[in-house]
Amino acid sequence: METMSSNEKQKIVDALSKKGANLPCPRCNTKNFTLLDGYFNQTIQQKLTADLVLGGPSVPSIIVVCNNCGYISQHALGVLGLLPNDEEKK
Ligand SMILES: [Zn+2]
């Protein structure tokens with residue numbers, strides 16, 4: 001599996017810094033985090049049915065984990081301007 005390039009990771013870190021998303025962990029106040037080497041792409045389930053939704057709308061995001069308590073935070077790539085289509089517009 002291909003992983004994120006260091007260039008890709010730097011773009012994410014820069015985007016988070018630019019937005020001021022650099023405060024300590026909201027759970028334990030530690031300032032050390034790890035950017036996971038991949039993306040979440042969570043499906044939006046539009047109705048509460050038992051059916052599994054595949055191929056529906058989703059929220060591609062990056063994952064930041066607190067190095068001390070493991071608190072997981074996610075940031076939507078679209079808001080950070082990091083979706084592939086956003087890159088093409090620039
Ligand atoms: Zn923490």
Side-chain angles (χ1 to χ4, degrees):
M1 191 178 103
E2 194 177 326
T3 58
M4 277 185 193
S5 67
S6 56
N7 183 38
E8 213 172 347
K9 284 183 176 175
Q10 192 56 54
K11 274 187 187 174
I12 293 165
V13 171
D14 290 347
L16 289 173
S17 296
K18 200 174 153 191
K19 297 283 186 175
N22 50 13
L23 296 177
C25 175
R27 299 290 292 165
C28 73
N29 217 30
T30 293
K31 294 178 181 171
N32 295 311
F33 298 91
T34 297
L35 174 64
L36 293 193
D37 200 10
Y39 300 93
F40 271 177
N41 197 8
Q42 299 186 90
T43 303
I44 298 170
Q45 189 164 337
Q46 292 167 314
K47 287 187 178 175
L48 284 176
T49 61
D51 300 330
L52 178 64
V53 178
L54 292 175
S58 63
V59 184
S61 57
I62 55 97
I63 313 107
V64 178
V65 180
C66 171
N67 289 349
N68 181 53
C69 75
Y71 182 80
I72 297 172
S73 52
Q74 296 176 54
H75 298 266
L77 287 170
V79 175
L80 295 176
L82 295 175
L83 287 176
N85 289 341
D86 295 334
E87 289 291 307
E88 286 166 18
K89 286 179 201 162
K90 287 176 191 170

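Whatever order the structure lists them in is the order used to number ligands and atoms, beginning at 1.
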Below 2.8 Å, which protein N, O or S atoms neighbour the Zn ion (ligand 1), ignoring water?
C25 SG, C28 SG, C66 SG, C69 SG
How long is the span from the CG atom in L16 to the CD1 atom in I62, to the nearest 0.5 Å?
4.5 Å
Closest heavy-atom pair, C25 versus C69, reported as atoms and distance to 0.1 Å, is SG-SG, 3.8 Å
Determine yes or no for a side-chain-to-main-chain donor-acceptor pair under 3.5 angstrom, with D37 supplying the side chain and M4 the backbone.
yes
Quick one: do the N67 and T34 side chains pair a donor with an acceptor below 3.5 Å?
yes
Give, for atom OG of S61 and atom CG of L83, the distance between the pair rounded to the nearest 0.5 Å.
10.0 Å
Backbone of N7 reached by a side-chain donor or acceptor of Q10 within 3.5 Å
no
